[in-house]
There are 2 protein chains.
Amino acid sequence: MSPPTVAARSDGAQARERLLYAALRLFAASGFERTSVRDIAQAAGANVSAVGYYFGDKAGLYRAAFFEPLGDHCQGEMPAPGTVPLPDLMHGFFRDLLKPLKQGEAVQQVIRLHFREIVEPTGLWKEMIENELRPQHEGLVRVLCAEFGLRKADMELQRLTFAIIGMGIHFFVAQDIVQALAPEVMEGPGAIDALADRLAEGALAMIEAERRRRAAQPRPARRRSTR
Amino acid sequence: MSPPTVAARSDGAQARERLLYAALRLFAASGFERTSVRDIAQAAGANVSAVGYYFGDKAGLYRAAFFEPLGDHCQGEMPAPGTVPLPDLMHGFFRDLLKPLKQGEAVQQVIRLHFREIVEPTGLWKEMIENELRPQHEGLVRVLCAEFGLRKADMELQRLTFAIIGMGIHFFVAQDIVQALAPEVMEGPGAIDALADRLAEGALAMIEAERRRRAAQPRPARRRSTR
DNA sequence: TTTGACTTCAAACAGTTGTTTGAATAAGGT
DNA sequence: ACCTTATTCAAACAACTGTTTGAAGTCAAA
């Protein structure tokens, strides 16, 4: 058997990187359990033991694939309430939220890993909720509170927040379904931007409806006294 | 014979049922790959080989757990356009959609299995899309087409449909997230009904907004007749 | 050239997986 | 009583899992 085509000593960390991205691709495609380190090593053109060498173990490799490629891709911070008109804010929000759908394959795969974590938790998901989902959710909650003049979010506002975010999230979770039922909806960057704008307008309509509902309805019972 | 016709043994098909529901519970909790037939058999108080005996193999058991417990729990059919006022229709739609969230544990676990299938396909998901998701989606598309006087759904209408359904779906997919961020939103049947009503109102607001958008906007460019 | 740290590799390890086997047990029909 | 059929069981099977091993290789500095 002739030696493998890859250079035997190919500058150290190259193998690590190949491993990382092969792992990202395979984990995103098939999940943690269905992906074996042997498959990853083979796809990366590296030896099985290289994953032990560079990442400790399979879980370490998964963790690296989960966090590293995203780099400093910080979630778009929500502007402080009042500094930006609500329509602009919502449009910006959905543009940011859906941005990964337009980006490179690697980012999309990371996103896919993150959503996979929701359904098939490997242990990183608590960390993910606190670091990614909670700030995003509470950012929007804060904005809506200011919008309705609330000091503290009530249940209706929480519902509204989940509904608004859920509209966006759905296009990540259900990528394959959209693909099967109406592929044109997500084809090309233009379609994504248009989608973000429509979702923003939809969210604004929902917020307006909620505002009317609150105006029409008598003051909800206050469980806590003022402090 | 694979299907045991008569219970020769007192516990006969009981073992099959115990196996089925233990499998449902464990598959829903941990997914296909992370669940071993040994664990299932032990949880069911049956022997490992009983799964081979009753279901052929692990995949057969999974399939049975996936389809059987739902029984005739048909998805609520969408009424023909025009027979029901839109607000009632949307309220009914979300009540039906969220109904499983109030139902027994078994149904919820099946639902969880179904959503798991979206992210971690085991091969049943094509079948699922065609039998469950497509009819639901196209039912709503048909209603909205009638609402806007369209012969055929355009991309905007597809977007709107996904956004509306996505709001509801999100509360299945992200049950754990809701639990972590604002548990009161989904606590108790009353909360679910209220949630369904709010989502319906939100959807109606979005539909109204879209109607206005269509009215305000010049006729969408028709590509085919130009030139 | 020799040294020594860094990197690769094939092989082996120990454990778990889904599945099969063949004997043992129970119930009914004759 | 017998025979047949249905069901259970412990054990064994082969294949695969993630991980470790120890030797071999590569390269830069001494």
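Hydrogens, waters and symmetry mates play no part in the numbers below; they use all other heavy atoms, side chains included. The chains referred to below are lettered A, B, ... by the order of the sequence lines, with proteins before strands, and numbering in each begins at 1.
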- Calculate the interatomic distance between B/K58 atom NZ and C/dT20 atom P; express it in whole Å. 14 Å

- Applying the side-chain contact (heavy atoms from CB on, under 4.5 Å) test to B/Q108, which of B/Q175, B/Q103, B/K102 qualifies? B/Q175

- Integer-rounded Å distance: C/dT7 P and A/L19 CG: 13 Å

- The residue, B/S49 or B/S36, whose nearest nucleotide of DNA chain C is more 5′ is B/S36

- Kindly say if B/Y53 contacts the phosphate of C/dT19, meaning a side-chain N or O under 4.0 Å from OP1 or OP2. no

- Item | Separation of D/dT19 P from A/F55 CZ (nearest whole Å) | 13 Å

- When rounded to the nearest 0.5 angstrom, what distance separates CG in A/L124 from CG in A/N131? 10.5 Å

- Query: A/Y54 has a side chain; which of C/dT19, C/dT8, D/dG18 sits nearest to it?
  - Reply: C/dT8

- So which nucleotide from D/dA10, D/dT8, D/dC13 ends up closest to the side chain of B/R38? D/dC13

- To the nearest Å, give me how far apart CZ (A/R34) and P (D/dT17) are. 12 Å

- Whole Å only: how far is the CZ atom of A/F32 from the P atom of D/dG18? 8 Å

- Query: Would one find more than 12 heavy atoms of other residues, nucleotides or ligands at under 6.0 Å from atom CD of A/E184?
  - Reply: yes

- Item | Gap between atoms CD and P, on B/E33 and D/dG18 respectively (whole Å) | 11 Å

- Query: Are any of the side-chain heavy atoms of B/F67 and B/V110 separated by less than 4.5 Å?
  - Reply: no

- Message: Applying a 4.0 Å non-hydrogen cut-off, can you work out what B/D57 is touching in the nucleic acid: base, sugar-phosphate, or nothing?
- Response: sugar-phosphate

- Write down the distance between CD (B/Q42) and P (C/dT17), rounded to a whole number of angstrom. 11 Å

- Task: Give a yes/no answer on whether the side chain of A/N47 brings an N or O atom under 4.0 Å of OP1 or OP2 in C/dT7.
- Result: no

- Do the side chain of B/S30 and the main chain of B/F27 share a donor and acceptor less than 3.5 angstrom apart? no

- Task: May I have the distance from A/R18 (atom CZ) to C/dT8 (atom C1'), rounded to whole angstrom?
- Result: 11 Å

